[in-house]
Number of protein chains: 2
Amino acid sequence: MAEKIVKVGLAGFGTVGCGVAKLIAEDADAIAAKTGLRLELACVVDIDTKSARPVKLPDGILTDELDRLLDDDTIQIGVEAIGGTDAAKQVQLKMLEAGKDVVTANKAVLAEYGNELYRAAQQNGRCIAFEASCAGGIPIISAIRTGLAANNITAMYGIVNGTCNYILSNMTAKNERFCEALAEAQKKGYAEADPTLDISGGDSAHKLAILASIAFGYEITLDDIFVEGIESISKDDLCYGGEMGYCLKLLAIGEKDEQDKVSLRVHPSFIAKDGALARVGGPFNAISIFGSAVGQVTYYGRGAGMMPTASAVVADIIDVALGNSATTFSHLHLRPRNEVESLIEKIDNIISRFYIRIMCKDQPGVIAQWSKILADHQISISGALQHEGIGPENTVPVVIATHPTRQKNITAALEDMERLDVIGGKPVCIRIVDIPEDKESA
Amino acid sequence: MAEKIVKVGLAGFGTVGCGVAKLIAEDADAIAAKTGLRLELACVVDIDTKSARPVKLPDGILTDELDRLLDDDTIQIGVEAIGGTDAAKQVQLKMLEAGKDVVTANKAVLAEYGNELYRAAQQNGRCIAFEASCAGGIPIISAIRTGLAANNITAMYGIVNGTCNYILSNMTAKNERFCEALAEAQKKGYAEADPTLDISGGDSAHKLAILASIAFGYEITLDDIFVEGIESISKDDLCYGGEMGYCLKLLAIGEKDEQDKVSLRVHPSFIAKDGALARVGGPFNAISIFGSAVGQVTYYGRGAGMMPTASAVVADIIDVALGNSATTFSHLHLRPRNEVESLIEKIDNIISRFYIRIMCKDQPGVIAQWSKILADHQISISGALQHEGIGPENTVPVVIATHPTRQKNITAALEDMERLDVIGGKPVCIRIVDIPEDKESA
């Protein structure tokens, strides 16, 4: 079979860029045999052309001039692997204007400027492929856009940040404090020197914005997403939650109700220990999606790392070169903001179960006081836990799990509780998420 | 946006056909909004046009004449939902000759005649899309063909038959015998009246043939696959295996070594209880794939059922209508039989661990005798189990787990053991499969 040569220009020669260059160099023959496409890296642009990298490029293709990539009309596909938002956006726009299709692993720029970039691509008759932007090696974007195309997607629950999952897994398994687990994650390369974007939930929110927009077909912005990070999680709560049958994950959640209202949130979530996502350990990612026809489908794999991400980028390069991405992309229709804005559920209105820990003074009448507050706010208790023995400042931890209630009821109840003399400090509150496991009697 | 009308002809109006008709009827608007394609069911062919079905068709489109579908040039896509092999093959060939692309959920016909059908499609400039043929609602075919396209796939381990998984799950959970669990599966609709194709492993082999051919890029035939069913599994062995830390699954296994030699097999497999596939219960399916760049990716969902299968069929209809299937299909290059034949590993040569149960007479010197046989065949023991107490005919069950060894060594050792006076009956032998979990320290 005659091979079709596909020239690729790469902007950004960091971890992802190196992975892409390595994969193209090593697997070009195998890819050509399977697909008939011979991928050739024609130009690599980075401001740093000096540092040593773990991959050897063909002579003369590394440059610090973006124009060399843009002006080369033989380059059909531009890979944006710069990261960040503003510079990345400019590079993508320039690539599109120069008539190149864009492949990117950059969730931040898509979450921030995706709607604008998608429009620019459509105006230029080009496409943007972004499989690598969410959950690295798991082909989740194509699963939603093609495999589940016949489904009304009603919910998704994802562990999409490996750093947080690594930290929470270690806090649970080794009874470590947050700062200890974070330090270990940094030592092993699973967390950045500045881990803010990961541990704040921001990175998960970026991915949720992308996934929710294609799953629900809405123009989503980051402001639609409620975000709470894992920075203040105490190992005590992991223990108490564990006793109640839960493990803690940072979940990205998208839910759509029958009136097409969408709830989007990223927060620490207690989930049942025997559920599909509970066993996702260490730096792995997993996403459960619920479709009207298909029921529950769960995807599990490496969410980050040089080669898993490169795998997704090169898969996109192939898809773009085959012409499939252009077709799929031109059929990407998102409900515009003016329709979507009234369809985003505010966090106050979401219904959830809650884990609450209060530090109660060890004296008569305490239960009567806090239980009255819950009753006043129509909050029903599904479980409670109080171990014998006295804690700091003559208090004992009391842990409560609630039945489903609205967030605003809990918020009001917690404020009332905090004012009680018999309770020390601020109550701890963590959402319990009952992922509706699609399970048949086994 | 202007909608493109896509006329679909459906051959076979049984369970899958009804699901497809239902999904098109109910979701046409949503699909049009998402994709710009308006699916219209233009003709439904079945020899039975009288029986009541759970879906209402537009007037006048149900017929028992295939020619009405074939001769209608407005019908672009033919769905073959007849099942079986020979008639289904003829229908697919006629659809291709009539210039229609084919979508099918029929694994049997593809496993038996796939290479011939793919060639016929390519000769007619048409495509065959078959996402629904394997693992129903899990979009595994597109994951392998597009999402993992940049990977050298080295192994796959799948639970791809819901009937067997339901039976084995119930035997384990309820301590039931095979025939009891089978009867319950039949009562609940998870097993056919004649369950042979499922419980013999034949259905899993069909799916493995399809998955392995696209994952490894080889023209595979059913004869390449070693198949062993679950009919003779005893609940005792599920207990003993359980005590050793294993649960039993019917696995479809494809492995490729560094010399491109491929081992393909379907057999009952003891797998570690804490692995990703171990928790797949009831009628669910799951597949773990290992790619050179991506590591381990696992997909989990409903493997069968009217709507999950219909979901995959309609996804294929959309993909065909968008033109993506044609592109992907025309780039499907399988290594031809003359190259592949020497690359299929014979079952005798595969290396595995084994679970062996022998019924030993309760007398001195028995261990010395069977252990000498294992030693003579260079088989090393990794674990053993003998409970106190006497079983039938004054024998006691002795359970052994081996270190990795070649199948032919085990076969020879079992033959020698069977000849021992101190062992009653035929030894039971079940493979232990160590799925190489891609796990980082958590």
Side-chain angles (χ1 to χ4, degrees), chain A residues 1 19 23 27 30-31 33-37 131 137-139 142-143 146-152 166 169-170 173 217 274 276 279 281-284 291-302 307-308 310-312 314-315 317-319 322-324 327-328 331 333 438-442, chain B residues 1 19 23 27 30-31 33-37 131 137-139 142-143 146-152 166 169-170 173 217 274 276 279 281-284 291-302 307-308 310-312 314-315 317-319 322-324 327-328 331 333 438-442:
Chain A
M1 158 185 63
L23 200 51
D27 283 8
I31 292 168
K34 263 203 281 195
T35 65
L37 304 172
E131 182 62 71
I138 309 175
S142 75
T146 63
L148 303 178
N151 285 264
N152 175 22
Y166 184 84
S169 299
N170 266 356
D274 61 354
R279 68 174 298 286
F284 285 84
S292 51
V294 83
Q296 181 179 12
V297 192
T298 303
Y299 305 84
Y300 172 92
R302 285 185 181 275
M307 295 320 288
S311 162
V314 176
I317 293 173
I318 294 169
D319 216 43
L322 290 175
N324 290 347
T327 317
T328 312
H331 286 81
H333 299 290
D438 182 9
K439 210 183 235 174
E440 304 250 353
S441 60
Chain B
M1 154 187 63
L23 199 53
D27 283 8
I31 292 168
K34 261 201 282 194
T35 65
L37 304 172
E131 181 63 70
I138 309 173
S142 76
T146 62
L148 304 178
N151 285 264
N152 175 22
Y166 184 85
S169 298
N170 268 353
D274 61 354
R279 67 173 298 285
F284 286 83
S292 50
V294 83
Q296 181 180 13
V297 192
T298 303
Y299 305 84
Y300 171 91
R302 285 186 181 277
M307 296 319 288
S311 162
V314 176
I317 292 173
I318 294 168
D319 216 43
L322 291 175
N324 291 347
T327 317
T328 312
H331 286 83
H333 299 289
D438 182 9
K439 212 183 232 172
E440 304 252 351
S441 60

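Side chains included, hydrogens not; waters and symmetry mates left out as well; all remaining heavy atoms used. To find a chain, count down the sequence lines: A is the first, B the second, and so on, and within it residues start at 1. Because the structure is a prediction, the values reported are computed rather than measured.
In this structure, the portions of A:Leu322 lying under 4.5 Å from any heavy atom of chain B include both its backbone and its side chain. A:Leu148 touches chain B through backbone and side chain together, each having a heavy atom under 4.5 Å away. Looking at A:Thr146, the atoms closer than 4.5 Å to chain B (heavy atoms on both sides) sit in the backbone and in the side chain alike.
In terms of heavy-atom pairs under 4.5 Å with chain A, the best-connected choice from B:Asn151, B:Ile317, B:Val314, B:Ile31 is B:Asn151. Taking chain A as the reference chain and counting heavy-atom pairs below 4.5 Å, the highest number among B:Gly19, B:Gly291, B:Ala276 is found for B:Ala276. With chain B as the partner, the residue from A:Pro308, A:Gly323, A:Ser292 showing the most heavy-atom pairs under 4.5 Å is A:Pro308. Of all the listed residues (B:Ala150, B:Gly137, B:Ala30), the one sharing the greatest number of non-hydrogen pairs under 4.5 Å with chain A is B:Ala150.
The backbone N or O of B:Ala149 sits less than 3.5 Å from a side-chain atom of A:Lys34, completing a donor-acceptor pair.
For the pair B:Pro139 and A:Val294, the minimum side-chain heavy-atom distance is 4.5 Å or more.
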